[in-house]
Amino acid sequence: MKSSVKRFEIVRMFFAIVIALLVSFGIIFLVSDQPLTAIYTLITGPFKSKRNFANVIEAMIPLMFTGTGVCIMFSANQINLAGEGAFHLGGLVAAVVALKFGLPAGVSPVVAILLSGLAGAVFTAIPAILKIKTNSSVLVSSLMLNYIALWFAMFILMHYICDPSIGSASYVIPEESTLPTLVERTRIHPGLFIALAAALLGSVFLYKTKTGYELRLTGQNERFARYSGINIVKVICVSQLLGGFIAGIGGGVELLSPIYTRFSWTSLLGYGWDAIIICTLAKNNPLYTPLAALFLAYLRTGASIMARYTDVTLEIVQITQGIIILLVVAEQFLSGYKHKMIAKEAMESLKEKGV
Amino acid sequence: MELAKETVLEMQHIMKIYSNGVVANKDVSLELKKGEIHALLGENGAGKSTLMKVLFGIEPPDQGKIILNGSETAIRSPQDAISKGIGMVHQHFMLLPSLTVAENIILGVEPRKKKFFIDMKQAVKAASEIAEKYNFDIDVTAKVEEIPVGIKQKVEILKALYRGADILILDEPTAVLTPQETEELFVQLEKLRDDGRTVIFISHKLDEIKRICDRATIMRSGKSMGTYNVDEISTNDMSKLMVGREVVLEFDKEPAKPREVLLEVRNLSAYNTQGVQKVNGLSFEVRGGEILGIAGVEGNGQSELIDAITGLSRKYTGEILLKGEDIRKESIKGIREKKLAHIPEDRMASGCASHLNIQENLFSNQYTDDAYSGKLLLRTKTIQKRSDELIKEYLVKCKSQKQEVGMLSGGNIQKVIVAREFSTGPDVIIANQPTRGIDVGATEFIRRKLLEFRDAGCAVILVSADLNEIFSLSDRLAVMYKGNFSGVFTDVAHVTEEELGQYMLGIKNDHRKAGAAK
Amino acid sequence: MAGNIFSADFVNAILRMSTPILFATLASGIASKSGITNMALEGMLLFASLFGVIFSSLTHSFLGGLLLTMLIGGLIGLALAFFILQLKTDEILAAIALNLIATGGTVLLLLAVSGDRGASTSISSVSAPIVHIPFVEKIPFLGEVLSGQNLMTWLALLAVVVVHVFLYKTPMGLKIRAVGENKNAAESVGISSKKIQYIALVLSGVLCSMGGYFLSGGYMNMFTKDMSAGKGFIALAASSMGADTPIGGFLVTMLFGIAQALGNLMQLTTIPTELIQMIPYLTTLIGLAVYSYTVMKRKSRLGVH
């Protein structure tokens with residue numbers, strides 16, 4: 001039965017993606033004067049040139065980080081949306097370290113990235129601590145905290161690291177702190193390997209370690225975990241700290257990568273929300289986040305190429321993403337098919353037993 | 001009993017397969033007559049509840065038909081069922097604690113004023129009238145959270161009657177009642193029968209069925225084993241049809257050989273989550289090699305006593321000594337490490353994680369053991385091997401250790417829990433309702449295991465609402481009443497059920513007498 | 001500054017800023033009472049602010065625009081309910097998806113309808129009228145506060161009363177509360193919890209759309225991309241801080257309005273703007289923590305589990 005359930009999940013995800021793409025194409029037909037070109041560009045754009053394909057890889061990196069972080073936070077059944085703010089603060093901290101600490105090359109990025117992870121960890125732990133100490137909703141407080149992070153970063157940016165010749169961006173990140181480019185004429189950087197390692201280690205953590213086991217038990221049934229002797233408070237704090245740490249590192253890596261030359265994030269970038277899609281597609285297992293991130297990054301890159309060459313705007317992707325989430329999470333989507341499949345198996349196994 | 005009563009309802013060849021693949025009903029038929037109390041009898045998991053869910057419109061059948069008053073009908077929802085004159089009193093009360101009795105009764109069929117507003121005065125009046133008509137002595141303006149269990153059940157019945165139920169389904173109605181309340185319920189049910197209503201009485205208490213029911217339909221593993229006039233079938237035959245073999249009620253157990261004291265409770269006063277004192281200066285001890293049975297009506301402090309001993313709650317004063325050491329400062333884990341095992345009262349709420357697989361559920365209390373994990377990582381291979389051993393030893397029926405626990409039957413879930421708790425080699429076992437609501441096979445297995453561990457020198461506390469279980473397993477028997485032991489018996493064989501009932505209800509109370517003598 | 005605090009302008013500013021959030025807070029309250037966390041308020045506000053502009057321009061009337069926007073709000077609520085209740089989608093994830101679709105959808109829809117990118121500059125919409133009360137407006141202070149408010153502000157205040165009566169005095173209100181307190185119990189007496197939650201979410205959508213309408217036809221006079229700017233999330237927080245009751249939600253919303261208006265006044269001082277922008281969120285965060293803490297303490301004292 002397990003196999004049929006698994007098979008069903010894959011079939012369902014496939015249909016969800018196909019339907020979401022079809023709906024999006026429909027919308028493109030409605031808004032565009034050149035719909036076929038637009039769709040063609042969307043699909044083939046990422047493969048058109050080395051640089052385009054590199055864009056996909058570059059876009060994957062932050063998605064893998066926040067995706068893995070959110071997988072870990074959600075596995076403890078904490079609907080903590082502060083990954084968004086953690087990523088943002090991670091970027092800020094990396095910028096501050098790079099600009100103010102004056103560390104030598106080689107050391108600087110490492111320190112910057114570790115400190116951005118730390119900032120992210122502290123930040124995502126706040127909703128969890130508020131929950132434990134005051135019983136306030138993790139969901140609501142994390143939503144508020146994201147805006148606090150945004151304005152705090154703005155404050156630091158405008159008052160401490162602002163380049164007056166630009167106005168709303170920091171000074172240029174010194175070369176000692178930046179991450180190198182790995183492939184010529186692209187912006188692919190070593191962050192890719194850190195992100196892949198984070199996904200892999202995240203999965204090992206959740207499914208192979210003691211703490212990961214505690215975390216999943218707590219996420220599945222808190223009362224059961226407590227009854228079993230697990231320290232719930234510790235587990236929740238560890239999960240939120242670790243999730244935020246990874247998201248924060250993501251922010252730091254992203255800022256120091258060749259993609260940015262200055263800290264200029266004057267609005268939230270949305271990687272925290274994207275992480276939820278990644279998580280949904282990866283079924284909360286960090287191991288699958290690279291795959292989910294690849295898909296999303298491909299879609300994004302395609303859309304931005306499309307937006308450059310045709311009259312369709314980038315926002316179409318948000319609709320596609322929205323529909324995918326809706327259909328992948330909708331338990332009843334194609335459930336008739338599932339029930340039939342399971343009922344058939346049950347009947348067959350009755351027959352086999354020779355009743 | 002009249003012979004030619006008219007048939008009000010027929011369920012024919014009902015088949016129901018749940019989406020997890022469980023075939024709950026295979027070709028079940030049921031026929032109900034006007035003015036009868038009809039027992040639906042069967043082990044847990046026999047398909048009684050499913051059949052009733054189909055009748056009450058909660059689950060659609062995959063095959064079969066329902067004929068109500070001579071014409072075929074489909075029941076699509078509980079609302080549909082209610083409008084067709086079918087009412088159901090669920091095992092777990094379906095009341096809204098923050099509302100009054102009257103509000104609960106009128107909910108869904110509110111009297112109105114000025115078309116848009118609730119007429120509360122009319123609601124109170126109507127509720128009191130119907131209560132009076134059926135001789136139910138209830139204050140309808142009281143809030144439900146403030147009334148006792150017995151009354152809550154009456155409110156449930158009134159709710160169904162207020163909605164004009166001709167067929168009333170009662171799902172294990174006596175499970176939570178005292179013997180006196182049960183008797184009161186029976187009188188009221190007889191009145192309803194004489195009024196021409198049909199009552200479906202779901203139970204597995206044979207004596208109650210003998211006492212109150214006219215006919216009985218017996219179910220076994222999703223099939224109907226036939227309908228019988230209760231007068232014409234012996235309890236022995238009923239139980240045979242139910243389980244296909246004689247139920248073993250008596251255990252041939254060795255006399256206890258008590259050893260040293262393993263658990264000692266001194267002057268314990270414990271409080272529930274609301275801060276109400278539920279255990280009242282209780283002292284006792286349990287020795288290795290004996291089972292102390294604790295009987296009592298639910299809510300007399302049993303849960304709070306167990307929560308204190310297992311470390312789930314620290315809201316207590318007094319001392320609890322586990323192998324001579326005070327456990328007040330110990331964590332739950334610390335207490336468990338002192339070789340205490342705990343079978344919890346509510347297996348789904350705190351005994352397992354239903355979406356995790358069997359293997360993951362088997363090690364929640366011992367994964368930190370050196371055998372199963374290193375500093376960081378779990379030893380997956382060892383865990384897998386041990387899981388298979390435990391599944392085999394505890395006769396857990398499953399496809400593999402990777403199957404989700406939630407997909408198993410109640411009895412098998414309980415076996416998983418027992419396997420987990422007993423596999424640590426405990427010295428003290430706290431078993432709270434260890435066999436509640438599970439099939440006879442699993443019940444017998446778990447009881448035997450308890451005896452096995454007792455014989456191996458374990459101290460066992462058994463809290464159970466099942467008197468049969470208490471009598472057959474206990475070496476000493478205590479009755480809990482209002483936070484203390486109203487009676488303690490060492491000669492369990494000679495305690496009668498009647499006597500026990502008197503202690504349970506506080507009519508007799510040795511503790512109070514002793515207190516007064518001081 | 002003290003003079004400013006007690007001025008009618010100050011009170012006006014509070015009411016003006018609170019209006020969209022108040023609608024969304026009431027919307028959140030109804031949904032929560034039925035047992036569903038409506039995190040899609042953000043997307044609902046956004047959709048409504050775009051449709052408000054489109055419809056008021058199409059009908060050339062404020063009322064026509066409002067009613068059609070409310071209809072759309074109800075439909076969005078219905079769609080959300082369909083996914084949550086019919087297809088059993090997790091309510092938070094469904095809301096996140098809806099918010100995403102709203103962010104992208106509004107931009108594309110605007111593009112399709114008018115060719116505008118990001119702001120409805122080419123659509124001539126009709127804003128909600130300002131209510132001038134004759135004679136009263138001449139009374140100092142009080143007159144200035146009571147008169148000269150946007151009609152939507154008055155509707156928001158009226159909605160507080162209407163929603164309160166609806167929840168606590170009508171059969172449907174009782175049913176909504178019953179479903180939210182214990183779904184199974186409500187089901188057992190034949191109340192279709194699904195139907196009730198459908199109704200609650202549709203009403204939630206309608207109320208929220210009124211707030212969205214005010215955003216682009218009162219607070220501002222056009223639609224701009226992402227103009228809800230977290231107001232839906234603030235409403236969610238305000239509602240839960242006000243125990244999801246209409247009166248409680250109203251009080252918290254006002255408190256929030258005061259914090260924001262004070263912040264605006266402080267912009268005249270030397271305190272950095274970025275920190276002032278943070279005030280509403282910080283107030284809500286702290287307020288929620290304090291409120292939740294007192295509830296937790298009271299519950300453990302009174303003994304409600």
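Here is how names work: the chains are called A, B, and so on, in the same order as the sequence lines, proteins then strands, and each is numbered from 1.
Of the listed residues L377(B), D346(B), I335(B), the one with more heavy-atom pairs under 4.5 angstrom with chain A than any other is L377(B).
Neither the backbone nor the side chain of S331(B) comes within contact range of chain A; no heavy atom of the residue lies under 4.5 Å from a heavy atom of that chain. If you measure heavy-atom distances from T310(B) to chain A, you find no contacts under 4.5 Å at all. Looking at Y227(A), the atoms closer than 4.5 Å to chain B (heavy atoms on both sides) sit in the backbone and in the side chain alike. For chain A, no part of R379(B) is nearby; none of its heavy atoms comes within less than 4.5 Å.
Interatomic distance, N284(A) CG to C71(A) SG, rounded to the nearest 0.5 Å: 5.0 Å. Interatomic distance, OG of S228(A) versus CG of L217(A), reported as 6.5 Å (0.5 Å rounding).
The side-chain contact (heavy atoms from CB on, under 4.5 Å) test with K16(B) singles out one residue from E59(B), K53(B), K26(B), and that residue is E59(B).
Aromatic pair Y372(B)/F363(B): ring centres closer than 6.0 Å.
No donor-acceptor distance shorter than 3.5 angstrom exists from the side chain of T134(A) to the backbone of K131(A), with no hydrogens or angles considered.
Electrostatic pairing of K338(B) and E330(B) counts as a salt bridge here, judged by a charged N lying under 4.0 Å from a carboxylate O. The pair D427(B)-K323(B) meets the salt-bridge criterion, since a charged nitrogen lies less than 4.0 angstrom from a carboxylate oxygen.
Near-neighbour residues of residues 351-362 of chain B relative to chain A, defined by a heavy atom under 4.5 Å from a heavy atom of that chain, comprise G351(B), C352(B), A353(B), H355(B), L356(B), E360(B), N361(B).
Cation-pi geometry between K333(B) and Y367(B) is met: under 6.0 angstrom from the ring centre, within 45 degrees of the axis.
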